[in-house]
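For reference, the structure discussed in these notes is given below.
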Amino acid sequence: MSRTLLARHAEVVVTMDGGRREIRDGAIYAEDHRIVAVGPSGDLPATADEVIDLTGHAVVPGLVNVHHHMFQSLTRAVPAAQDASLFGWLATLYPMWARMTPDAARAAVEVASAELVLSGCTTTSDHLYLHPNGVTLADTIEAAARVGIRFHPTRGAMSVGESAGGLPPDSLVEDERTILDAMQRAVERWHDPSPCAMVRIALAPCSPFSVSRDLMRETAALARSLGVRLHTHLAENDDDVAYSRERFGMTPARYAESVGWLGDDVWHAHCVKLDDDGVGEFARSGTAVAHCPCSNMRLGSGVAPVRRMRDAGVIVGLGVDGSASNDGAHLLAEARTAMLLQRVARGAGAMSAREALELATLGGAAALGRDDIGSLAPGRAADFAAFDLRGPSFAGAGYDPVAALVLCASAAASWTVIHGRVGVREGRLATIDLPVALERHAREARRIARGD
């Protein structure tokens with residue numbers, strides 16, 4: 001028997017539909033996990049199995065996070081890594097991450113997922129590129145399911161260690177045949193291509209400085225044979241570009257092209273140093289970008305040319321990146337930072353609040369290759385977030401409550417609905433016992449810090 005949900009009397013519903021409707025006194029009516037109707041409250045049914053009164057709230061499509069390393073929530077604010085740029089930061093943290101166990105991975109993903117859902121995020125990717133001590137995707141998928149977030153885990157890998165000219169320690173790299181076999185098994189076991197799927201797998205060798213050309217090529221061929229997407233890091237900072245030129249004799253974008261990593265089934269993280277040629281190639285090929293402004297600022301990587309990308313037609317979504325390089329995971333804050341950073345680089349008119357919100361919804365959905373999330377319209381997944389406009393952060397912002405979501409201090413979600421189920425109810429996580437999860441997480445973080 002179907003179950004219905006009605007969210008009504010919102011101050012405004014931001015649909016992000018084809019007409020970019022913003023509906024005052026808006027409502028959403030869903031049946032099971034899909035939206036049936038969106039419109040003025042007076043035009044929709046008056047009853048449902050669950051009715052949520054959203055008076056005083058702004059409602060947006062569920063926010064979409066397209067780049068994360070959830071395991072890194074175990075190593076936030078590590079003193080030796082606080083002021084390092086990318087390569088030094090990684091060198092400091094690799095030995096700590098080598099202590100991760102399946103229990104630690106589950107604790108990390110559970111808390112990281114909770115943090116995202118509390119910010120209004122309903123869909124996230126996760127780039128797990130190291131698998132020490134028996135850690136597998138099964139651990140992360142199990143933990144994300146408990147929280148109830150829509151999950152795009154990626155089977156990542158590193159295969160070129162220090163002894164072969166790579167950055168990671170040899171103890172954290174894997175044999176390439178083992179990697180490819182594990183990737184195929186992950187897709188066959190968990191990938192769900194159906195509409196409104198809760199789990200989809202992508203293949204994600206870590207970066208040009210930690211995997212071989214052959215692995216990049218073979219992963220691309222495998223992904224396309226299996227019908228799944230590809231993800232990696234690219235052109236993150238000047239050191240990354242220098243490595244690509246020295247090792248491969250070409251820019252990161254040309255390297256990506258040479259190994260088959262351009263196309264409408266690929267999204268690259270960062271692209272801070274993507275040159276004009278690269279921007280053009282991304283636009284022509286339909287290759288997407290995960291923009292991670294907070295992480296890029298934290299590591300001193302630079303300002304990604306998002307305005308230039310968008311103007312060229314490149315698909316851009318937002319990522320919080322790893323919790324050890326952000327060191328937060330709040331999608332609305334990421335949208336605000338993306339807008340402000342483009343204005344720092346290119347002037348006050350470089351990005352509007354609504355465009356930033358679009359990056360966090362439609363942009364993220366497109367980067368993940370999904371047309372069933374990112375907007376509020378009949379047939380779409382019943383994913384949305386509601387933010388209470390009546391608190392001090394929004395006082396005086398009644399002129400434009402939609403812009404206020406991005407321009408004002410980033411608020412936590414009062415309500416988050418994922419797949420038609422309430423994940424956050426009146427500001428509190430509704431799916432797991434958060435204090436218990438936090439204690440498990442703290443215990444694992446302390447163990448890793450001690451070196452156990």
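Since the model is a prediction, treat every value here as computed from it, not as a measurement.
- The residues R380 and D372 are annotated as not salt-bridged, no charged nitrogen and carboxylate oxygen being separated by less than 4.0 angstrom.
- For the pair R155 and E174, the salt-bridge criterion is met [side-chain N within less than 4.0 Å of a carboxylate O].
- The pair R76-E115 counts as a salt bridge, with a side-chain nitrogen and a carboxylate oxygen less than 4.0 angstrom apart.
- Checking D388 against S414 by side-chain atom types alone, no donor-acceptor pair falls below 3.5 Å.
- Side-chain contact between F387 and L332 is present, with at least one heavy-atom pair separated by less than 4.5 Å.
- At a threshold of 4.5 Å between non-hydrogen side-chain atoms, the residues V303 and Q342 count as touching.
- Of the candidates H68, H441, E444, S73 forms a side-chain hydrogen bond (donor to acceptor under 3.5 Å, both in side chains) with just one, namely H441.
- In this structure, T416 and F384 have side chains that are not in contact, with every pair of non-hydrogen atoms separated by 4.5 Å or more.
- Checking N296 against S301 by side-chain atom types alone, no donor-acceptor pair falls below 3.5 Å.
- Between the side chains of W267 and T287, not a single donor N or O lies within less than 3.5 Å of an accepting N or O.
- Using a 4.5 Å heavy-atom cutoff, the side chains of F209 and H233 are not in contact.
- Listed by first and then second residue, the salt bridge (Lys or Arg N to Asp or Glu O under 4.0 Å) pairs involving residues 180-199 are R177-D181 (not counting sequence neighbours).
- Not a single donor-acceptor pair under 3.5 Å links the side chain of R200 to the backbone N or O of A197.
- For E218 and R213, the salt-bridge test fails: no basic side-chain N is under 4.0 Å from an acidic carboxylate O.
- Exactly one of P252, S207, S295 qualifies for a side chain to side chain contact (heavy atoms under 4.5 Å, CB included) with H270. That residue is S295.
- Side-chain atoms of H152 and H231 include no donor-acceptor pair closer than 3.5 Å.
- At least one side-chain heavy atom of I201 sits less than 4.5 Å from a side-chain heavy atom of I141.
- Taking 4.5 Å as the limit, every side-chain heavy atom of E176 sits out of range of all side-chain heavy atoms of T219.
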message = Using the rule given for side-chain contact (heavy atoms from CB on, under 4.5 Å), can you reason through D238 versus K273, listing the C-alpha separation, both sets of side-chain angles and the distance that settles it, and then say yes or no?
response = CA-CA 7 Å; D238 289 331; K273 300 296 180 178; 3.1 Å; yes

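- Of the possible polar contacts, one joining the N133 side chain to the A98 backbone as a donor-acceptor pair under 3.5 Å is found.
- At distances below 3.5 Å, not a single donor-acceptor pair connects side-chain atoms of R425 with backbone N or O atoms of W415.
- Contact of the L203 side chain with the L222 side chain is registered, since non-hydrogen atoms from C-beta on lie closer than 4.5 Å.
- For the pair R150 and D383, the salt-bridge criterion is met [side-chain N within less than 4.0 Å of a carboxylate O].
- Salt-bridge check for R254 with D277: passed, with a basic side-chain N closer than 4.0 Å to an acidic carboxylate O.
- For the residue pair N326 / E334, a side-chain donor-acceptor distance below 3.5 Å is found, with atom types taken as modelled.
- Using a 4.0 Å cut-off between charged nitrogen and carboxylate oxygen, D276 and R308 count as a salt-bridge pair.
- Remark: the backbone N or O of A138 is paired with a side-chain donor or acceptor of T136 at under 3.5 angstrom.
- You'll find the side chain of T431 stays beyond 4.5 Å of the side chain of R146, heavy atoms only.
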